Every structure is written in C-alpha cells, then in structure tokens.
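First up is the structure itself, then whatever we jot down about it.
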Amino acid sequence: MKVELEKKFRELFDKDSEHVFFCPGRVNLIGEHIDYNGGKVMPCAISLGTYLAVAKNNDKIFRFRCLNFPEIADLHLQTSYSKNGKGWFNYPLGVINELISGDNDLSGLDMLFYGNLPIAAGLSSSASIEVLTTFALQTIFHLGISNKDAALLSQKVENEFIGVNCGIMDQFAVAMGKANNAILLNCDTIEYEYLPFDTGEYILAIINSNKQRSLSESKYNERFAECRASLKCLQKELIADHLCDIDTKSFESHRYLINNALLEKRASHVISENERVNEAKEVLPTGNLNRFGELMYASHQSLKELYEVSGKELDTIVDFCKTYKGCIGARMTGAGFGGCAIALVKKDQFDDFSQKLTTYYQNKIGYEPGVFASAVGDGVRSL
Ligand code: GLA
C-alpha cells in the first residue's frame, strides 16, 4: 500500500511525499460502553487501518485529499478552525485545530489519506484518522507528544470538535496497540497493561453487519446522558465518581434510588459489564478461552437487553454463532447500532463458519455480511 499511496501522492501533488504513516482500527474484546463510565476495557488493534502520505508545503495551506472520498479541502493556515459540514476532513482538521492553538510552529501540509477499514462499521475509523494525524504532525514538527498523549488529544478532538462524547478506548487502542496482545485499560486512571492474547486453535473473526451507523447521529450521546443521570441518583447514598466505582452488590441494594426503569437498566449493564472485564482479565492469561467466550456472549446479551444498542443484524450474527459448534463466543463490538461483531472460531472451521453464517444472515436480513479473520496488530507507526 505504501508504494501505491506514494505514487498517487506524486500524481496529485506533482512532488514526492516525505513520510507515510499508518494507524490501525480496533476491536474491543470485552468492556462495552463503560469507558465513559470509568470502567476497564479490553480492546486490541487490528491489521486494517488508515494510511497518510504527507509532505510540507511553503504555501501555508493544509491540503486534504483522500482516496476513499471525492471531497477535498484546501484551508489557509490560521489560528483556529471550526467544524466544516460533515466532511471526512473534519477529523484531521480537528487535530490541526488542537495543535495550532498551542505554541506549535506548523507549516502548510499536502496530505493524502487512504483507509481500508470499513467506514462507520464500528472499527474506529474516526479514532484511526485522528491518531494518525496527531502522530504525523508530532513526527513532522517534533511536538514531543507521546502516543498516550496522542490518544488523549484525539479523544478531545472527538469530544469537542466533532461533538461525540466518546470515551478514551478507541483512540488509546489504536495509538498503543501491540501485536498479539490485548490492552487492559482502566479508563478512569488511564493505567494500562498488555495481556498476551493467544487464540490457540481459534481465530478472531470480525463480522461486519454492513448496517451502516453514524456515531454522532446515533443514540450514543443519549446513552452517555442516561449514565450520568443514573449515577446522580445512586450518588444520593453511594460515594462514586463513576458508575464503574459501584460493584454489583452495592448496586443491587441501592438500585431503588434510580426510580426509573430505563436508567436502571443502563446502570445495570455498565456495572455488570465492568465485572465481566475483571473476570476476563483473570481468565485470558490462563488460556481458558471457553470461559472467555461465555463472557463474550453474556456481554452481548446485556448490550442487547439492558443497554439496547444491538439490533436485529448484530443479534442475528450472535444467534448464529451460538448454534455453531466451532464458535465459543461472540458479541457486538464498539458502539453498536449496527457495525461489527467479533467471534472466536476454530481455525480449521473458519471457511465453513463464514459460508454458513453468510447464508443464514442473507436469509434473515436480506443482504450479506462481511466476514474476515483478523490478526491483532501494532498501533500507529511510520512506514
Ligand atoms: C465507541 C466510542 C468508545 C466506546 C465504544 C463503546 O467506539 O468511541 O469510546 O464508548 O463506542 O464501548
């Protein structure tokens, strides 16, 4: 891909690029919708992602081009920017806006992006392009930003410039990913550790429901607000900064404080999901993938019934997985409302699994899913 992108860059800008960078997407193994509730999550970076070929220019212009989208933007260097419609370039623009408002000495850039992640499929294409741009600018202008800080800065861009109240998980996973390891991240303290993720005789399958979702227009911000509201009720008697500070036992004896069935369900998901991550953390290093798989199924059930972010497409995938002998666990991954599911499937049955799932899904939903096997890869890097 690097060589092809360099060639396209030359054709477009009539000069050579100076760098090519890559940032992956991610899947979350377990710990869904709890990063913005101070919980622990367990994502890993995947092999698909976003590329950027870039060179400085002396024109004081940021030129945004992308092989995936026809829209382009040429913006003069100025002290701040605001979101410009719904264009893809708002993600890198938000990063530039954040970096330009500091004391950083930036110059114009010619940028050509390309992504092989399915867009708006819940694999963090937005975090990928944000962290990619932060990493690129840090490298080109020597800004002294660590990968961890690149993740935090990118999350700020998503929250304030793009307007989605996301947690830190996606940006952290794509910035800090490590091949063959899951990341156990405490989203309250930002402490993390790598957990070797050896899938043994299984393979990590990613199943794209091909139902597009748009995070900023989705119910995501609504869930965020519901969690804040339920926490407020519980804080009448419990000392907790986040929902995930509360354990199941205290929740059970205080859930009456919420006095709203919907908010109670939301809190119940968050608190039980955090405990599933705690168990998953113990189980994963022992290689007990069967138990890990059961936790994945339980997580999905909770997201479906209590948090209500799944949908018939993702449920159809997980329902099929439960009936397939060579599959030991599956769940939706990411924000939900469409997007992708993940599953642990016996390596030597993957082709059969993929075929049968495709037929089953096509019959129920009316179009095909995308099924692929994924490696667990490294985070953002120069190529
Ligand atoms: C999206 C957000 C993340 C996280 C997940 C749900 O991917 O960007 O911060 O909240 O949804 O776990």
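These numbers come from the heavy atoms of this one structure, side chains and all, not from hydrogens, waters or symmetry mates. In listed order, ligands and their atoms are each counted from 1. Just so it is clear, the structure is predicted and the values come from calculations on it, not from any experiment.
- Proximity to Tyr36 (heavy-atom distance under 4.0 Å) selects the following atoms of ligand 1: 10 (O).
- In terms of polar-atom proximity, Asp35 is counted as a contact of ligand 1, with an N or O under 3.5 Å from an N or O of the ligand.
- Close contacts of ligand 1 with Tyr220, meaning ligand atoms under 4.0 Å from a residue heavy atom, involve 1 (C), 2 (C), 3 (C), 4 (C), 9 (O), 10 (O), 11 (O).
- Ring-centre distance between Tyr220 and Tyr36: below the 6.0 Å cut-off.
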Show me, pair by pair, the donor-acceptor contacts under 3.5 angstrom made by side chains of residues 5-15, not counting sequence neighbours?
from: Arg10; atom 1: NE; to: Asp16; atom 2: OD1; distance (Å): 2.6
from: Lys15; atom 1: NZ; to: Lys56; atom 2: O; distance (Å): 3.0
from: Lys15; atom 1: NZ; to: Asp110; atom 2: OD2; distance (Å): 2.6

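- Classification of Glu308 and Lys219 as a salt-bridged pair fails, no side-chain N sitting under 4.0 Å from a carboxylate O.
- Geometrically, ligand 1 and Arg26 share a nitrogen or oxygen pair separated by less than 3.5 Å.
- Ring geometry for Trp88 against Phe69 counts as parallel: the plane angle stays under 30°, on a 0 to 90° scale with 60° as the upper cut.
- Using a 4.0 Å cut-off between a side-chain N of Lys or Arg and a carboxylate O of Asp or Glu, Glu273 and Arg276 qualify as a salt bridge.
- Each of the atoms 4 (C), 5 (C), 12 (O) of ligand 1 lies under 4.0 Å from some heavy atom of Met169.
- Close N/O approach between Ser124 and ligand 1 is not found [any backbone or side-chain N/O within under 3.5 Å].
- Take His254 and apply the side-chain contact (heavy atoms from CB on, under 4.5 Å) test, not counting sequence neighbours, and it matches Leu234, Glu237, Leu238, Ser250, Leu257.
- In the vicinity of Gly167, heavy-atom distances shorter than 4.0 Å reach the ligand 1 atoms 9 (O).
- Of all the atoms in ligand 1, the ones that sit under 4.0 Å from a non-hydrogen atom of Gly334 are 6 (C), 11 (O).
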